[in-house]
Amino acid sequence: MPAEKMLSIAFEKNPSPASAEQRNTILQNPGFGKKFTDHMLLIRYSEEKGWHDAHIKPYGNISLDPALCVFHYAQEIFEGLKAYKAKDGRILLFRPEANAKRFINSAKRMAMAPLPEEMFLQAIHEFVKVEKDWLPDQSVGTLYLRPFMIASTPYLGVKASPDYLFMLIASPAGSYFSKGAKPVTVWISEFYTRAASGGTGEAKCGGNYAASLIAQQEATQNNCDQLVFLDAAEHKWIEEMGGMNIFFVLDDGSLLTPPLGGTILPGVTRNSIITMAKEKGITVREELYAAEQWIKDIQSGKVREVFACGTAAVVSPIGFVKTKHGEYQINDGNPGKLTQEIHKALVDIQYGNAPDIHNWVQEVK
Ligand code: COI
């Protein structure tokens, strides 16, 4: 790695970390996103100094000026990736360079300073090394890593901030959905949309998620676990399930998923599934798919299985679809065979239980 792309990361050890007993209790049943490790990593950016002041310090509250741009105009981006404990005790990361690249693209879209890929990867590796005792066993889950970056100049004018704060926190995680691997029920949102052409749909910015919450509330009010967004121009074409990409298994054994085109988040899991499915000889079509056609295809039996995918939940079967007009069941409400095979193939690579023919896995040493 070129020296100018490397950071010198200072380390301040937490003087009162969780005890081994407290940690083990958490690691047996961590839930998702509720518990955090003993430390956090910070890197600052300014126009004069570039990336500087990288340090790992005890996890805790941070003091911020209330005038920071991020609080007013939401100049913020984030990523999500995981560290996995292999059976032989090795600690593995799955395609972290893909997250680093997406973080750069998100930064560019939000007019923020992009953190170089090498620094992103160095931060992830060094931080996971510090928090290595916080990895749950395979049977429980992973250590979920949340890098994020905020605009950190105190200024109320609407313009791109000249200063940024990058942070990395980690949270031991079990299943993302409380239902685990059970199929979820989705609501098709006919009014709310997630992203329009020219907007921020393919950036992983907090604002996209904030704007999705009211639609998620509508789904919950209709007794659904999740929602499916349609496109903003015609309210016709399926885009994403909440914050996850969506796949359809058709009766000819092929896979169909909406194409990326600026409004859909380019998921690392989505990309991995497409690659692996094609290698297995499965036809994968990235094509527009109308919600109305989806319902017809469920009724005719053309749609055999449907699943959503993302880093947090990996692969989540969809068993029921609800709209204002009715409720439709997929595969008798059970997880499909191909859905389960894809899920297993992916987590086997992530946990180091299957050969890594793509060089997707990096060991933290
Ligand atoms: C993921 O699927 O990994 C997500 O983006 C969900 C996350 C925001 C919790």
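Read the numbers this way: they start at 1 and go in the same order the structure lists the ligands and their atoms. Values below: all heavy atoms of this structure, side chains included; hydrogens, waters and symmetry mates excluded.
- Between D231 and K236 there is no salt bridge, since none of the side-chain N atoms of the basic residue sits less than 4.0 Å from a carboxylate O of the acidic one.
- Listed by first and then second residue, the ring-ring contact (aromatic ring centres under 6.0 Å, His included) pairs involving residues 74-100 are F78-Y209, Y84-Y351, F94-W360 (not counting sequence neighbours).
- Pairs of residues two or more places apart, or lying in two chains, never qualify as salt bridge (charged side-chain N to carboxylate O under 4.0 Å, His left out) while including a residue from residues 305-316.
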Identify the protein atoms, limited to N or O, that lie within less than 3.5 Å of an N or O atom of ligand 1, and list each pair with its distance to 0.1 Å.
residue  : atom  : partner : partner atom : Å
ligand 1 : 2 (O) : T311    : N            : 3.4
ligand 1 : 3 (O) : T311    : N            : 3.2
ligand 1 : 3 (O) : A312    : N            : 2.8
ligand 1 : 5 (O) : K204    : NZ           : 2.7

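- Ring planes of F11 and H39: tilted class, angle from 30 to 60°.
- In summary, K280 and E341 engage in a salt bridge, as defined by a charged side-chain N under 4.0 Å from a carboxylate O.
- Considering only residues two or more places apart in sequence or on other chains, Y155 meets the side-chain hydrogen bond (donor to acceptor under 3.5 Å, both in side chains) condition with none of them.
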